[in-house]
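Here the structure comes first, spelled out in structure tokens, and everything after it is commentary.
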There are 2 protein chains.
Amino acid sequence: MQYEFKDKAANAYKLEEQVGFLLRRASQRHLSIFTQMLPDLTSTQFATLAKLCEMGPTSQNALGRAVAMDAATIKGVADRLRARGLVEATPDEEDRRRHYLSATEDGRAVYERTAQAALAITGETLAPLDADEIATFLSLLRKLC
Amino acid sequence: MQYEFKDKAANAYKLEEQVGFLLRRASQRHLSIFTQMLPDLTSTQFATLAKLCEMGPTSQNALGRAVAMDAATIKGVADRLRARGLVEATPDEEDRRRHYLSATEDGRAVYERTAQAALAITGETLAPLDADEIATFLSLLRKLC
DNA sequence: TAAAGTTCGTTCGTATGCAAATGGATTTTG
DNA sequence: CAAAATCCATTTGCATACGAACGAACTTTA
């Protein structure tokens with residue numbers, strides 16, 4: 001009979017201590033801040049628009065990989081951005097499977113107008129930490145991706 | 001004309017550096033580990049069952065608050081756990097709005113059987129970090145909730 | 001005690017997010 | 001070159017998530 005079995009509390013499961021629970025709660029707080037400070041776009045819509053502005057014309061799946069969304073997810077996001085006129089699709093001449101996605105003039109304007117707010121959202125999310133803690137936290141978080 | 005306006009790149013938005021993007025990717029990796037190591041239950045279902053086992057009979061909304069899910073979300077989770085026979089509801093005599101939720105015998109058995117796996121999932125998620133880094137990371141993450 | 005406020009559970013609508021399957025197009029390889 | 005593998009976009013099904021609104025029940029307060 002080993003020690004762990006004598007004291008069941010020693011290796012008990014405590015939800016509040018699990019990294020998955022804390023990640024979910026931190027994400028919830030971040031998304032709540034995002035919605036308050038940038039109500040026009042969801043966090044994933046903004047990320048997709050920003051990446052598309054940065055990359056230029058890109059196929060839908062390649063864009064999805066760039067923003068860490070699978071094919072089924074990026075389709076919905078791209079459809080909603082297209083429905084709002086922020087993104088447009090043009091067929092690829094060389095590869096008949098592909099459509100190039102690109103930001104419209106409207107889409108680029110929205111991105112230019114909201115990028116500062118997005119940076120402020122990052123700042124507000126990290127506000128409970130000081131500069132050193134932020135650097136440490138982001139460095140460790142990056143290792144967990 | 002201030003410095004920031006001269007060098008637009010200095011305060012440019014880079015998706016990969018934003019805490020929201022990193023939180024989303026870390027959560028994705030964690031959930032992927034969860035699904036692999038504990039395919040029977042989703043992460044939220046396990047969290048709910050675990051908390052219910054810990055708290056004993058609880059109203060649905062109170063349980064939701066304990067696991068950080070709003071009323072609409074906890075309802076779906078509770079419904080699916082009830083459909084699988086892991087949770088049952090009994091009406092409250094004192095408050096006719098309320099149903100007490102509690103884990104069934106089956107539910108408690110599933111929890112006992114899977115709690116170790118859940119701890120292992122936390123370990124695997126944090127595997128890229130050493131012990132000191134884990135302590136630092138969790139302490140900082142907790143400040144962001 | 002009556003009005004106001006709160007809480008309970010529920011429903012609707014919208015938006016991720018992923019697994020799995022599909023069909024068509026392109027590339028790789030034997 | 002033909003078969004195999006890969007890639008593209010799409011669809012279906014399921015499971016979170018949250019805002020908003022709702023009626024019913026309970027509590028607080030004026």
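Just so it is clear: chains get the letters A, B, ... in the order the sequence lines come, proteins before strands, and each one is counted from 1.
Distance CD1/B:Ile134 to CG/B:Leu129: 5.5 Å, rounded to 0.5 Å. Remark: B:Leu23 CG to A:Leu144 CG distance equals 10.5 Å, nearest 0.5 Å. The CZ atom of A:Arg24 sits 10.5 Å away from the SG atom of B:Cys145 when rounded to the nearest 0.5 Å. Separating the NE2 atom in A:His30 from the CG atom in A:Leu126 is a distance of 9.0 Å, to the nearest 0.5 Å.
Both A:Lys75 and B:Ala68 sit near DNA chain D, but only A:Lys75 has its closest nucleotide nearer the 5' end.
Distance from the side chain of A:Ala72 is smallest to C:dA19 among D:dT16, C:dA19, D:dC18. Here the side chain of A:Ala71 is nearest to one of D:dC18, D:dA17, D:dT10, namely D:dT10. Minimum atom distance to the side chain of A:Gln60 is reached by D:dA9, of the listed D:dT16, C:dG17, D:dA9.
Of the side-chain N and O atoms in B:Arg25, none sit less than 4.0 angstrom from OP1 or OP2 of C:dG17. Taking side-chain N and O atoms only, A:Gln28 has a distance below 4.0 Å to OP1 or OP2 of D:dC18. Taking only side-chain nitrogens and oxygens, B:Asn61 comes nearer than 4.0 Å to OP1 or OP2 of C:dG9.
A donor and an acceptor atom, one from each side chain of B:Gln18 and A:Thr122, are located under 3.5 Å apart.
Atom CZ of A:Phe21 and atom P of D:dT16 are 15 Å apart (whole Å). Atom CG in B:Asp70 sits roughly 5 Å away from atom P in D:dC18 (whole-Å rounding). Rounded to whole Å, the distance from CZ on A:Arg65 to P on D:dC7 is 8 Å. Counting to the nearest Å, the P atom of D:dT16 and the CZ atom of B:Arg24 are 19 Å from each other. The interatomic distance linking B:Ile74 (CD1) with D:dA15 (C1') rounds to 13 Å, in whole Å. Rounded to whole Å, atom P of C:dT14 lies 15 Å from atom CG of A:Asp79. The interatomic distance linking A:Leu101 (CG) with D:dA9 (C1') rounds to 11 Å, in whole Å.
Residues of residues 31-58 of chain A that place a heavy atom closer than 4.0 Å to DNA chain C, in numerical order, are A:Thr42, A:Thr44, A:Gln45. If you check residues 81-99 of chain A against DNA chain C, the residues with a heavy atom closer than 4.0 Å are A:Glu94, A:Asp95, A:Arg96, A:Arg97, listed by number.
One finds no salt bridge joining B:Arg108 and B:Glu105 here, because no Lys/Arg side-chain nitrogen approaches an Asp/Glu carboxylate oxygen to under 4.0 Å. Under a 4.0 Å N-O distance rule, the pair A:Glu124/A:Arg29 does not qualify as a salt bridge.
Residue B:Thr48 forms a side-chain contact (heavy atoms from CB on, under 4.5 Å) with just one option from B:Leu86, B:Val87, B:Val77, and that option is B:Val77.
Under the 4.5 Å side-chain heavy-atom criterion for grouping Ile, Leu, Val, Met, Phe, Trp and Tyr, B:Leu15 is connected to A:Ile33 within one hydrophobic cluster.
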